[in-house]
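Values reported hereafter were calculated over all heavy atoms of this structure, with side chains retained and with hydrogens, waters and symmetry mates removed.
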Amino acid sequence: MNELWDASPTSEISRRNPIFYADRCRERHAGDTSFALGPHSDSGTIERWENEAYSSCYREGIVENWETWNPWNIDGRVKANTDMYDSPGGSSVFRTFQGWLALSHTGPGEGTLRVHPSIKHATAYFWMRPFFSPIKNEEECATRDEYLDADNWWLDLESTAFPGSPPGRGQEFSDATHPHLEVNKVITSIPRVEPGDFVFWHCDGIHAVEAKHGGTGDSSVMYIGAAPLTAANAEYLAQQRATFLSGVPPPDYPGGKGESGFTGRPTDGDLKTPEARRGMGFEKFVVAENATEGEQVVIRAANDILGLTENKVNI
């Protein structure tokens with residue numbers, strides 16, 4: 001999945017070496033209305049404008065010509081800080097895709113995922129949205145079409161408003177904050193999934209969860225995102241490795257004793273393959289013969305961060 005993205009030869013990332021990001025499971029019972037999540041995008045809010053590296057992912061392409069902007073270019077994201085405000089339940093790891101593994105039979109209307117079908121157009125719009133204001137508010141217009149018409153919007157570089165972008169939370173979307181997206185009209189429930197099906201969506205993707213689980217069985221998933229090897233991700237992996245060995249929740253989900261008192265809980269001895277051990281930070285990353293300059297740099301840095309020498313871990 002990581003290799004679906006584009007990267008320059010000097011970009012300090014190894015797309016072929018994913019790391020494991022310990023996330024959560026969700027079990028939603030029939031009739032539930034408490035887990036409803038409105039349209040949003042993860043990976044930060046105001047950070048997309050405030051953080052210089054993160055902002056470059058959008059600014060250098062969208063402002064010049066949004067129609068040729070490539071939302072699949074990974075370069076600016078490698079060193080971006082997407083969690084400047086320590087968002088509760090937020091991810092401090094760079095994930096190219098968010099995703100989950102289906103654990104149940106779930107279809108539309110049964111508490112499933114909903115997604116906005118556009119990445120390029122929607123992202124270009126919501127990144128530029130803070131720089132435009134309506135001349136007349138919707139209440140002053142005869143019709144909604146008049147309100148949305150391009151002639152009713154002007155380039156506003158004085159406003160300090162960033163609609164739907166509260167620090168420390170997810171980027172939120174509504175008909176009020178981002179009217180041209182028409183999120184409530186366009187966002188669509190994904191097709192029926194069976195246990196074992198995997199669903200991925202772009203890290204900028206607008207998504208939501210159906211307000212009500214109207215089915216008869218549970219709607220359960222295990223969240224598993226796609227996270228490439230970067231220096232920042234290696235820093236997190238080192239912390240996550242320590243919490244795994246201790247049996248406590250990982251850094252992004254602190255609190256409680258976790259599984260530390262459980263008998264028979266998994267250990268590093270249960271990681272049998274080199275890929276599994278590398279993904280959890282227990283085995284040295286190897287530089288491939290065709291590795292780019294940037295990939296060589298990040299693999300050396302990651303091995304140093306993780307204290308990996310001769311396939312052994314210095315913890």
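- Under 3.5 Å, the side chains of Ser41 and Arg48 contain a donor-acceptor pair of N or O atoms.
- A distance-only check finds a donor-acceptor pair linking the side chain of Thr96 to the backbone of Ala226 [under 3.5 Å].
- With sequence neighbours left out, Tyr85 forms a ring pair (Phe, Tyr, Trp, His ring centres under 6.0 Å) with no residue at all.
- Formation of a donor-acceptor pair under 3.5 Å by the Asp32 side chain with backbone atoms of His29 is not found in this model.
- When side chains are defined from C-beta on, Arg77 counts as touching Trp5, because their heavy atoms get closer than 4.5 Å.
- At distances below 3.5 Å, not a single donor-acceptor pair connects side-chain atoms of Ser11 with backbone N or O atoms of Pro9.
- When the ring pair (Phe, Tyr, Trp, His ring centres under 6.0 Å) test is applied to His207, the partners found at least two apart in sequence or on another chain are His40, Trp201.
- No side-chain heavy atom of Asp204 sits under 4.5 Å from any side-chain heavy atom of Ser43.
- With hydrogens and angles ignored, the 3.5 Å screen pairs a side-chain donor or acceptor of Glu210 with a backbone N or O of Thr112.
- Heavy-atom neighbours of Met1 CE from other residues, nucleotides or ligands within 6.0 Å: above the threshold of 12.
- In the hydrophobic cluster analysis, where Ile, Leu, Val, Met, Phe, Trp and Tyr join through side-chain heavy atoms closer than 4.5 angstrom, Phe132 is grouped together with Trp69.
- Taking the ring pair (Phe, Tyr, Trp, His ring centres under 6.0 Å) definition, one finds that Phe35 meets it with nothing, sequence neighbours left out.
- Side-chain atoms of His213 come within 3.5 Å of backbone N or O of Glu110 as a donor-acceptor pair.
- Applying the salt bridge (charged side-chain N to carboxylate O under 4.0 Å, His left out) test to every pair with at least one member in residues 247-276, sequence neighbours left out, gives no pairs at all.
- Proximity of a side-chain donor or acceptor of Arg277 to a complementary backbone N or O of Glu283 within less than 3.5 Å is not detected.
- Side-chain contact between Val297 and Arg300 is present, with at least one heavy-atom pair separated by less than 4.5 Å.
- For the 3.5 Å distance criterion, the side chains of Asp83 and Ser92 fail to qualify, holding no donor opposite an acceptor.
- Taking 4.5 Å as the limit, every side-chain heavy atom of Thr123 sits out of range of all side-chain heavy atoms of His202.
- For Glu138 and Arg144, the salt-bridge test passes: some basic side-chain N is under 4.0 Å from an acidic carboxylate O.
- A 4.5 Å side-chain heavy-atom check between Asn152 and Cys141 finds at least one atom pair inside the cut-off.
- No side-chain heavy atom of Asp156 sits under 4.5 Å from any side-chain heavy atom of Phe131.
- Residues meeting the side chain to side chain donor-acceptor pair (under 3.5 Å) test with Ser14, sequence neighbours left out: Asn17, Glu295.
- At a threshold of 4.5 Å between side-chain heavy atoms, the hydrophobic network of Ile, Leu, Val, Met, Phe, Trp and Tyr places Ile224 and Val221 in two separate groups.
- Two residues are said to be in side-chain contact when any heavy atoms from C-beta on lie closer than 4.5 Å; Pro179 and Arg129 meet this criterion.
- When the side chains of ILVMFWY residues are joined at heavy-atom separations under 4.5 Å, either directly or via intervening members, Tyr253 and Val248 end up in two distinct hydrophobic clusters.
- Checked options Phe94, Phe20, Tyr21; the residue passing with Tyr236 is Tyr21 (criterion: ring pair (Phe, Tyr, Trp, His ring centres under 6.0 Å)).
- Scanning for side chain to side chain donor-acceptor pair (under 3.5 Å) contacts around Tyr223 gives an empty result, with sequence neighbours left out.
- Under the 30°/60° scheme for interplanar angles, the aromatic rings of Phe198 and Phe200 are found to lie parallel.
- In terms of the side chain to side chain donor-acceptor pair (under 3.5 Å) criterion, Thr230 has no residue partners (sequence neighbours excluded).
- For Glu140, there are no salt bridge (Lys or Arg N to Asp or Glu O under 4.0 Å) partners at least two apart in sequence or on another chain.
- Taken together through direct or relayed side-chain contacts under 4.5 Å among Ile, Leu, Val, Met, Phe, Trp and Tyr, Val199 and Leu37 form part of one hydrophobic cluster.
- Evaluation of the ring-ring contact (aromatic ring centres under 6.0 Å, His included) test over residues 142-174, restricted to residues two or more places apart or in two chains, returns Trp49-Phe162, Phe126-Phe173, Tyr147-Trp153, Trp153-His180, Phe173-His178.
- Glu12 places no side-chain N or O within 3.5 Å of a backbone atom of Ala231 that could act as its donor or acceptor partner.
- Around NZ of Lys120, the count of heavy atoms belonging to other residues, nucleotides or ligands within 6.0 Å exceeds 12.
- Side-chain atoms of Thr106 do not come within 3.5 Å of backbone N or O of Ser219 as any donor-acceptor pair.
- Hydrophobic clustering of Ile, Leu, Val, Met, Phe, Trp and Tyr side chains at less than 4.5 Å, counting indirect connections, unites Leu148 with Met128.
- For the residue pair Thr177/Glu172, the side-chain donor-acceptor check at 3.5 Å is not satisfied.
- In this model, a donor atom of one side chain and an acceptor atom of the other lie less than 3.5 Å apart for Gln171 and Ser165.
- Remark: Ser55 pairs with Arg59 by the side chain to side chain donor-acceptor pair (under 3.5 Å) rule, at least two apart or across chains.
- The backbone N or O of Pro166 lies less than 3.5 Å from a partner atom in the side chain of Thr45, making a donor-acceptor pair.
- With hydrogens and angles disregarded, a donor-acceptor distance shorter than 3.5 Å links the side chain of Asn51 to the backbone of Asn81.
- With respect to the salt-bridge test (charged N to carboxylate O, under 4.0 angstrom), the residues Asp23 and Arg95 qualify.
- Looking at Leu245 and Phe282, their side chains come closer than 4.5 Å, going by heavy atoms from C-beta outward.
- Under the rule for a ring pair (Phe, Tyr, Trp, His ring centres under 6.0 Å), Phe285 has no partner lying at least two apart in sequence or in another chain.
- By the salt bridge (Lys or Arg N to Asp or Glu O under 4.0 Å) test, Arg114 is found to be paired with no residue, residues two or more places apart in sequence or in another chain being considered.
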